[in-house]
Amino acid sequence: MSINLEQLRQTQQTLAKQVILTDAFCQSVKFIGGTDVGFEDDGHVTKAAIVVLTYPDFKVVEYHIARIKTQFPYIPGYLSFREYPALIEAWQQVTQKPDLLFVDGQGVAHPRRLGIASHLGLLLDMPTIGVAKKKLCGQYESLPKQAGSVTPLQDKQEQIGWVLCSKNNCNPLFISAGHRVSQDSALKWVNLCLRGYRLPEPTRWADAIASNKPLFKNFKHAQ
DNA sequence: GCGACAG
DNA sequence: ATCTTGTCGC
């Protein structure tokens, strides 16, 4: 398999123009989804997890895991091409489609404004929000490690997202609009989904499912 | 040239 | 992302 980054770059630039940064979903949110990707067999298998939670009580409605052969390497700035195939496969198994989807990674806080959250949002035609644990690009002023503190993430005179301290003494999260949501709403929804942990509930559950963490193991045991 | 670099 | 023990702090 050969990779033409120049071509993929063109693809991103074209798709980026289709991203909608306004709140085009006005219905009440009753279900929120979360996605995360993990790897198995030394990276040869991509494992995608999608979870659907009720809002605002965050009960697990359903979850799905898809495993496919990994067919693209990790290249900063091109993460979506590595992960979206598995995510789409998992998405097709979802019965109760959520009103809003939290994606692990950047939304428009990306060099070409098409992080995985935006890319997936376009492919699924869904409102998405990017929740990343690390910065990909942009600059921001240092902020206190106090839950609730937030500062804009900027790139060339443009706000591309937010840097949010979601829990005391924890590293901040990098929040950005994915698709069909405004930057303000992206931040608002993340705050509405925080429950005392660093990660908002949809992301926390998806992470636990994709990586088979205690939260998920205990949940299965109780089922 | 050098550092930075989602998962 | 993943491989992994103990350890420090709230």
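Computed from heavy atoms alone, side chains included, the values below leave out hydrogens, waters and symmetry copies. Sequence lines set the chain letters: A, B, ... in the order given, protein chains first and strands last, and positions in each chain run from 1. Since the model is a prediction, treat every value here as computed from it, not as a measurement.
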Salt bridge or not between [X] and [Y]? Use side-chain N to carboxylate O under 4.0 Å.
X	Y	answer
A:Arg113	A:Asp155	yes
A:Glu201	A:Arg195	no
A:Arg180	A:Asp125	yes

Base, sugar-phosphate alone, or nothing: which one does [X] contact when heavy atoms must sit under 4.0 Å apart?
X	value
A:Glu83	sugar-phosphate
A:Gly43	nothing
A:Gly115	base
A:Asp42	nothing

Practice item. Indicate the ring-plane relationship of A:Phe72 and A:Phe81, choosing parallel, tilted or perpendicular according to the 30° and 60° boundaries. Key: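 Ring orientation, 0 to 90° scale: tilted.
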
Measure from the side-chain heavy atoms of [X] and tell me the nearest of [options].
X	options	result
A:Pro76	C:dC10, B:dG7, B:dC5	B:dC5
A:Lys135	B:dG7, B:dA6, B:dC5	B:dC5
A:Ser211	B:dG7, C:dT2, B:dA6	C:dT2

**Study point:** Aromatic ring proximity, centroids under 6.0 angstrom, A:Phe58 and A:Trp205
**Key:**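 No: the rings miss the under 6.0 Å criterion.
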
Practice item. Would you mind telling me which residue lines up with the more 5' stretch of DNA chain C, A:Asn169 or A:Phe39, judged by nearest nucleotide? Key: A:Phe39

Whole-Å gap separating [atom2] ([N]) and [atom1] ([X]):
X	N	atom1	atom2	result
A:Lys134	B:dG3	NZ	P	18 Å
A:Arg82	C:dT2	CZ	P	10 Å
A:Leu87	B:dG7	CG	C1'	11 Å
A:His44	C:dA1	NE2	P	19 Å
A:Asn168	C:dC8	CG	P	21 Å
A:Arg198	C:dC10	CZ	C1'	16 Å
A:Phe81	B:dA6	CZ	P	17 Å
A:Lys133	B:dG7	NZ	C1'	8 Å

Exercise for review: Determine, answering yes or no, if A:Tyr74 is stacked on B:dG7 under the 5.5 Å centre rule and the 30° plane rule.
Suggested key: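 According to the criterion (under 5.5 Å, under 30°), yes, A:Tyr74 stacks.
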
